Amino acid sequence: MRAQESRISVALVSDLCHYPHEVWDLGLDQLDMFTEEVLEELHTIAWAEGNEYPNHSTMSAKTGQHNWGASGSFSEIIMEVSSNAGGGVGAVALTAAIKSVYEKLRSRAYGDVWRSLPSADQAVEIAKSALRRHYDVADARLTVIRSEMDAEAQRHYIEFSHEDGRKFGATVGAIKGMPSCTRVWAEGADLVPRPIPDPSTHAN
């Protein structure tokens with residue numbers, strides 16, 4: 001399926017039981033690739049560190065049709081790949097691989113979901129949306145402590161404090177020429193574990 005709207009996310013995680021330490025999001029219009037092709041491109045990221053075996057990873061894809069207002073097809077693809085939260089050479093290689101894959105995907109799309117760099121207020125909302133999606137944090141518990149725009153690099157840098165002591169950040173326009181590409185990250189409070197799904201919520 002070639003979707004009219006695509007959202008791709010790559011999360012760097014220490015393990016699957018905890019929230020990621022950083023996530024890269026990209027939104028594209030009319031990506032001229034089947035979902036299977038996108039998954040193949042993303043899989044190359046797991047080999048970025050040049051080891052004998054790829055990093056541990058999981059990938060999921062959801063496609064659908066929305067008919068609310070303007071109708072159209074959409075896809076959401078999420079990759080989680082293991083990475084050392086402390087950074088280092090491996091993290092640098094993974095970041096470079098993510099950028100390379102995203103640039104290739106962008107070249108196969110009609111355009112970015114944002115035609116130009118969002119305003120400062122819009123960037124804050126984009127960042128909050130990504131944090132809500134990837135970290136399950138409520139907007140009301142976040143306080144903006146830094147918001148800067150780099151006009152030359154065409155990106156926004158935003159930092160938030162959370163009432164539980166954690167710190168979150170976002171770079172909106174993380175890759176030049178891709179206004180929707182947003183990198184979000186978290187630190188502090190040992191990156192709280194993800195809640196365990198309640199089986200009863202899936203009962204018939």
Side-chain angles (χ1 to χ4, degrees), residues 1-13 16 19-46 57-81 94-95 97-119 121-139 142 154-156 158 168-186 194-195 197 201-202:
M1 174 182 173
R2 289 187 173 99
Q4 290 175 287
E5 299 176 12
S6 301
R7 184 169 67 206
I8 299 102
S9 302
V10 178
L12 304 184
V13 300
L16 296 179
Y19 288 106
H21 41 90
E22 70 177 91
V23 186
W24 291 72
D25 277 347
L26 178 64
L28 296 173
D29 281 340
Q30 299 181 35
L31 176 58
D32 188 25
M33 296 175 72
F34 290 108
T35 299
E36 293 76 10
E37 295 177 281
V38 178
L39 293 174
E40 288 178 9
E41 289 295 334
L42 292 174
H43 184 62
T44 64
I45 295 170
S57 65
T58 64
M59 286 190 286
S60 63
K62 179 175 69 175
T63 60
Q65 187 85 15
H66 55 74
N67 295 290
W68 196 275
S71 62
S73 57
F74 68 88
S75 69
E76 183 176 19
I77 299 172
I78 300 174
M79 178 185 192
E80 294 186 315
V81 59
L94 286 168
T95 296
I98 292 169
K99 290 181 177 180
S100 177
V101 169
Y102 278 12
E103 286 167 353
K104 183 172 184 177
L105 297 179
R106 172 63 181 81
S107 72
R108 296 284 301 275
Y110 175 76
D112 194 288
V113 294
W114 284 87
R115 298 289 182 255
S116 59
L117 187 69
S119 68
D121 288 343
Q122 289 170 327
V124 169
E125 293 308 310
I126 291 170
K128 285 182 176 180
S129 176
L131 292 171
R132 188 167 59 246
R133 188 164 59 251
H134 298 299
Y135 294 97
D136 296 322
V137 291
D139 293 1
L142 294 172
Q154 290 291 288
R155 61 178 57 115
H156 293 273
I158 307 161
F168 294 93
T171 304
V172 177
I175 301 177
K176 193 168 184 178
M178 301 185 203
S180 78
C181 183
T182 301
R183 171 186 173 263
V184 292
W185 50 266
R194 287 170 166 161
T201 62
H202 301 286

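Quick note: residue numbers are just sequence positions, from 1. Quick caveat: nothing in here was measured; it's all calculated off a predicted structure. Below, each value reflects all heavy atoms present in this structure, side chains not excepted, and no hydrogens, waters or symmetry copies.
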**Study point:** Non-neighbouring partners of E76 that pass salt bridge (Lys or Arg N to Asp or Glu O under 4.0 Å), sequence neighbours left out
**Key:** R7, K62
Among [options], which residue satisfies the side chain to side chain contact (heavy atoms under 4.5 Å, CB included) criterion with [X]?
| X | options | answer |
| --- | --- | --- |
| V172 | Q154, R155, E125, H156 | H156 |
| M79 | V101, I45, I98 | I45 |
| S6 | D29, L31, L26 | L31 |

Please list, chain by chain and in numerical order, all residues satisfying side-chain hydrogen bond (donor to acceptor under 3.5 Å, both in side chains) with [X], sequence neighbours excluded.
| X | result |
| --- | --- |
| T171 | none |
| S129 | R133 |
| Q122 | S119 |

Are any non-hydrogen side-chain atoms of [X] and [Y] less than 4.5 angstrom apart?
| X | Y | result |
| --- | --- | --- |
| M59 | I77 | no |
| W185 | P20 | no |
| E5 | V113 | no |

Check your understanding: For T63, does its backbone N or O pair with a side-chain atom of S75 as donor and acceptor, under 3.5 Å?
Key -> no
Check your understanding: Hey, does the side chain of Y102 reach the backbone of W24 with a donor-acceptor pair shorter than 3.5 angstrom?
Key -> yes
Practice item. List the steps, then state whether side chain to side chain contact (heavy atoms under 4.5 Å, CB included) holds for V184 with D25. Key: CA-CA 8 Å; V184 292; D25 277 347; 5.6 Å; no
Identify every side-chain donor-acceptor pair in residues 104-111 under 3.5 Å, counting partners at least two apart or on other chains, and give the distances.
{"residue": "K104", "atom": "NZ", "partner": "E41", "partner atom": "OE2", "Å": "2.8"}
{"residue": "S107", "atom": "OG", "partner": "K104", "partner atom": "O", "Å": "2.6"}
{"residue": "R108", "atom": "NH2", "partner": "D32", "partner atom": "O", "Å": "2.8"}

In residues 173-181, what donor-acceptor pairs under 3.5 Å come from side-chain atoms, sequence neighbours left out?
{"residue": "K176", "atom": "NZ", "partner": "E152", "partner atom": "O", "Å": "3.3"}
{"residue": "S180", "atom": "OG", "partner": "G27", "partner atom": "N", "Å": "3.0"}
{"residue": "S180", "atom": "OG", "partner": "G27", "partner atom": "O", "Å": "3.0"}
{"residue": "S180", "atom": "OG", "partner": "D112", "partner atom": "OD1", "Å": "3.0"}
{"residue": "S180", "atom": "OG", "partner": "D112", "partner atom": "OD2", "Å": "3.1"}

Exercise for review: Verify side chain to side chain contact (heavy atoms under 4.5 Å, CB included) between V10 and V23, making sure each step is shown before the conclusion.
Suggested key: CA-CA 6 Å; V10 178; V23 186; over 6 Å; no
